[in-house]
Structures are given as C-alpha cells and as structure tokens.
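As structure tokens, the structure follows; a few thoughts come after it.
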Amino acid sequence: MGRARASRALAAFRPLYATRLATFGSTVVLLFALMAVFGPALAPYGANQQVYTDARQPPSLERPFGTDHLGRDVFSRVLLGTRDIFVLAGLGTLVAVLVGTAVGLLTTYLGGATEEITFRVFDSVLAMPALLFALLLLGTFGPSRNNVLAVIAVAYVPIVARVVRSVVLNVKTKDYVAAARMQGESLSRILLREILPSVLPALAVEGALRFSYAIFLVASLGFLGAGVQPPNPDWGLMISEARNFVSITPWALYFPAAAISLLVIGVNLMAEGLATALGRTP
Amino acid sequence: MSGYLARRFGFLLITLVLTSATIFAVTQLLPGDVARIVLGREASATALEALRRDLGLDRPPVVQYLSWLGGFVTGDWGTSFASGQPIRPLVMERVGNSLMLAFLTLAIAVPSAIVLGVVAALHAGKPIDTVISVGALAVVGLPEFVTGLVLIQLLAFELAWLPASSSIRPEAGFLEALPMLVLPALTATLVLLAYIARLTRASVLAELRKPYVRTARLKGIAGRRVTYVHVLGNALLPTVTVVAISFGWLISGLIVVENVFNYPGLGALLTFAIDRRDVPLMQAITMIAVVAFALANLVADLLYAYLDPRIRFG
C-alpha cells in the first residue's frame, strides 16, 4: 500500500524527467531550490559583511567567487540571493497561478457579462508588456520587496486566467459536465472536480514558464533600480552595482549573471520537458 | 477587406481606451494621494494643496480621467514634475531615437531569425537543429543587461571595435549614430532572435507534415522547389504575427538595453521618470509604448489578412 502510493507520487514527477534536456533543467532547478533552502546555513559570510582588507579579491579557494569593491563575499551574496529570487519570483508566480486559475475557472464557467468584462480588463493589462506594466506600478507605489511580489502576481494573473479560459471554454460543453450539473453537483464541485483536472496540464506548463519570466522580471527590475533595493543581495541589483567596477572586479558581475542565466535556462528546459511530456506546445 | 479593416480598427480603439483607463487607474486613482507621491513625505500642506489643485485631483475620478485622456489625444500631455518642462517635446525627442534603435534591431533580428528557424526545421533532429534549438534556449535565458554588459566588455573594452556608451547627440542623424547603435541593437536582437527562430521552426515543421507536401513530392516536383516555393510560402505567414507579438519583447528589451548603454530613448526616460516619481511623464511614455504596440499588432493583422485571403473573406 505504502509503496504503491509512493510510486504514484513519484510518477507525478516523471514529466520533469521525460527528456534528457528536461532532466538537466529539473536538476538545475532542484539544486537552486536546495541553495534557496540551505543557503543561509551554508554562506560563509553575511550578505553585507564587509571585510575591507579583502576587497577586490579575485576568485580563490577561500573566496570561490571573489569579493566585490566593498569587500563583500560574492559567493555568499549569490547564495543568499537565491532565496530572495525564489521567494519573489516563486511566490509571485504561485499567487498569480492560484488567483488566475480561480478567476479563469469561475468567470469562464459562468460566462456572460462577468466573463466579458473580466477578460476585457485583462486584455487592457496585456496590451502593455509585463516589464512596462511592472515599472509603472513600482514607479507609482514605490520600490520594495513586497511591491515587487505584488506586481509579479498582478502582472501574471491575466495571462494565467487566459490560459485557463481557453481550456474551460472547450471542456464546459462536454457531456460529463452537463451530467454533473444535472445531478445537482455544487458549483465548487463542478469547477474543482470536473473541470480543473483538464486544466492542470496546461497550468503546469504555464506555471513553469511564468516562473522563468518572473525570475527574469525580478532581475530586470533590480537592475533598473525599480525593484529590490540595496543592500539586498538581489542578483539583478548585484549586476547593476558591479557594472561600474567591471574592469576591476569582473567576477562580481559574472557570477550573479551566470546564476540568473543558469536558473532561467533550467526552468525553461524544465517547462519544455513538461510541455513535451504532457503533450502541449508552450 | 474594408469591413475587416473597420472591425480591426474599432477593436484597436476599444483596447486603447481600456488600456488608457487601466494606466490612469493604476497611476492616479489606486495610490491615493498623487500629490504626496510626487512631493514626498516632508511636503507642506499648502504645497500639497496647490499641486492637487494644479492636477485637478479634487474633481471626481471620471472627470479626471476624461480630461487626462482628452489632453493626451489633443496633444496636451501636461508638464513633467522632474524637469518642469512640457512633456510632449521631451517625449517626442526620444521617440525618434527609440524607433531608430527598434528598426535597426528588427532589421537584424527578423531575417537572421527566419533563416535560423528554417534551417533548424529543414534539418530537424540533426546536429545543426540541436545546436540552433539549444542555442536559442540558452540565449532566451540571458537577460539583456547581462548580454549587453558582456558585449560592452568584449567588443568595446577588450577589442575596442565599438563605443561602450551610446549617448548620441540629440540632433544626430542615423549615419552619425550608427556606430553607437550597433551594440545596443545587437543586444536587443539576441532575445528576439531566439524567440522568432523557435516559432519559425515550429511553423515550418507543422507545414512540412501536411498532406499537400507529400502530394507535391509524389507528383515529382523537385524537393527544393517544394521546400522553398510551397512550404516556406505558407509557413512564414504566421511569422508576421510572431514579429508583431515579439514587439512586446522588443519594448521590454529596449527599456533595459537603453539603460545599459545610456542611450537617450524612451526607455531611459521612463526609468528617469520612475526614479523621480514623475507620474505624468510615466503615463505619457506608457501610453506611447502601448499605442506603438497596438499599431504593430494592427499592421501585422492587416498584413496577414492581405497575404492570406482565408482571413479576409472568412
């Protein structure tokens, strides 16, 4: 019994390892996730601990990623920044997926004016590129970690809702949904038990893609100075601080840059593997 | 065709009006007191009151929105708080620069992306396809500010082929600006390149699987002719739409790239406006970008309909 359940639980993760590239991507993401969890325990220095005598050190055994112009340990900062990016991009995506799914399911199933109005408003948000919309919001409400989180959620709800809607429109006319309705099943039961399962594959792929875009967005906002503020060890922010010293301490720029790229590529490959395994094109 | 055109244009106007309402709501209604955002915490009560009156914040929201939208449409975009200058000339001066960079980027990105996508599709599963596809995935993972800074380091500092900063003179023409445009355009190209190439590959592959391709081959039409005349003609049609959609990426990309290279375009002006909490300037720049994005989509739709009669008459 226990074993059967365990193997069923494992089977749920099989799409993540469907192809060689997906396996690579999922492994990279898993490693970063572990860094996010254990980073604070592993980091040899604090994020803002400055050792002036050690400033501008190139990478070495004691300082794997070197130190920046202020004598901060780049390895520790990259490690500690992992949790930041996971919390901001991950939580933002999660909220967007949950809210987007709920709104998409409910309004599309009910149809009528609610659906029309909701998706017209969403269209008006989607008429702005996500970065532009995020900058507009942060420019108005001010840059802070919480606002970055909120902005990612708000920017991605319309896209998630749209993906959910395209599936629901297809499913809601099916006989089994009509049967459930005639049996007198409650609205929440119809939405969650009858319709939601058909939405899940598309949602998994979209969620993974959104996560990769969110990482990008958080980093870009940090770089532009509109997102997470100094002295947080945000990867985008680290790059924008290091760019003025690139000829002196290039490693302070290259290591956070490599971290962003590796994580985004990992998530993309994972999303692509999910899409292939679940029979959807991203 | 004219009915289709009218419908598409009407749809565009509705979207623009709704988006303008969203922009206005987000920047001026939701935050509560705009005067305090602009002037900061230490502002005196009289200064706040004066600014509120100047901006007309004491009027009902709908009236505020309509007068703001009316102003935008008639060319009265208000005054920038940060610089004290009228916004329209400030923005217009930058629009040309951003367009110059955008067109150069598209001119590099679109043809090379189509070639890469077609090559990958025609050699699907072979090593060259793997190289292009994995390469595209890797490039998509690189933020513009990373590629931009790496290109600066490589081509400007190490090899000294191109200037590192792109702060062109305001009155510079295209030829004078060109050397300074190359690096930012290349940086913005990379993201578009990967995106368009991937979709072109998918579209060509889908077309190759259609029955008419087999019929043509069985009829004895030469393989090359089938590929280049029959398949590509149909497969590249969706690319028109892809280019329009990627215009959104281009706008986001340019915001970042202009900041990396200190290029005096709209994107750099936008981050300036955000730094200074200059709400009217932010609103105007966003509106311009949204109009440009919507127009790009309209042009793509019309082009698509022109190229594919099924849409026009369907």
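Just so it is clear: chains get the letters A, B, ... in the order the sequence lines come, proteins before strands, and each one is counted from 1.
Of the atoms belonging to A:L253, it is side-chain heavy atoms, and not backbone ones, that fall under 4.5 Å from chain B. Of the two parts of B:T271, only the side chain, counted from C-beta on, holds a non-hydrogen atom closer than 4.5 Å to a non-hydrogen atom of chain A. At a 4.5 Å heavy-atom cutoff, B:A294 makes no contact with chain A through either its backbone or its side chain. For B:V139, no part lies near chain A; criterion is any non-hydrogen pair under 4.5 Å. B:L142 touches chain A through backbone and side chain together, each having a heavy atom under 4.5 Å away. Heavy atoms of B:V26 lying under 4.5 Å from chain A belong to its backbone as well as its side chain. With a 4.5 angstrom heavy-atom cutoff, A:Y213 touches chain B only via side-chain atoms. Only the side chain of A:L21 comes within contact range of chain B, with at least one heavy atom under 4.5 Å from a heavy atom of that chain. Both the backbone and the side chain of B:L137 come within less than 4.5 Å of a heavy atom in chain A.
Considering every non-hydrogen atom in both B:S252 and A:L131, the closest pair reads O-CD2, 3.4 Å. Residue A:I239 comes nearest to B:V146 through the heavy atom pair CD1-CG2, 3.9 Å, listed as atom of the first residue, atom of the second, then distance. Closest approach of A:A226 to B:I274, counting heavy atoms only: CB-CG2, 4.4 Å. When all heavy atoms of A:M128 and B:T286 are compared, the pair lying nearest together is SD-CG2, 3.9 Å. Summarising the geometry of A:F216 relative to B:P143, their closest heavy-atom pair is CZ-CA, 3.3 Å, with the distance given to 0.1 Å.
Applying the side chain to side chain donor-acceptor pair (under 3.5 Å) test to pairs two or more places apart or on separate chains, those with a residue in residues 240-257 of chain A are A:R72-A:E241.
Taking chain A as the reference chain and counting heavy-atom pairs below 4.5 Å, the highest number among B:D278, B:I285, B:D275, B:V260 is found for B:V260. Each of A:I260, A:V121, A:L138 has some count of heavy-atom pairs under 4.5 Å with chain B, and the biggest count is that of A:I260. Of the residues considered (B:R276, B:R277, B:E144, B:Q283), B:R277 shows the highest number of contacts with chain A, using heavy-atom pairs under 4.5 Å. For the set B:V279, B:L270, B:L149, the entry with the most heavy-atom pairs within less than 4.5 Å of chain A is B:L149. Per-residue counts of heavy-atom pairs under 4.5 Å with chain B were compared for A:A134, A:A127, A:P143; the largest is that of A:A127.
Rounded to the nearest 0.5 Å, atoms CG (A:L136) and CD1 (B:I23) are 6.5 Å apart.
Note on ring orientation: taking the six-membered ring where Trp is involved, the planes of B:F145 and A:F223 are parallel (angle under 30°, cut-offs 30° and 60°).
The interface of residues 11-20 of chain B with chain A, defined by heavy-atom distances below 4.5 Å, comprises B:F11, B:T15, B:L18, B:T19.
You'll find the side chain of A:T140 stays beyond 4.5 Å of the side chain of B:L30, heavy atoms only. Between B:I152 and A:V246 there is no side-chain heavy-atom pair separated by less than 4.5 Å.
The local environment of CZ in A:F24 is sparse, with at most 12 non-hydrogen atoms from other residues, nucleotides or ligands closer than 6.0 Å.
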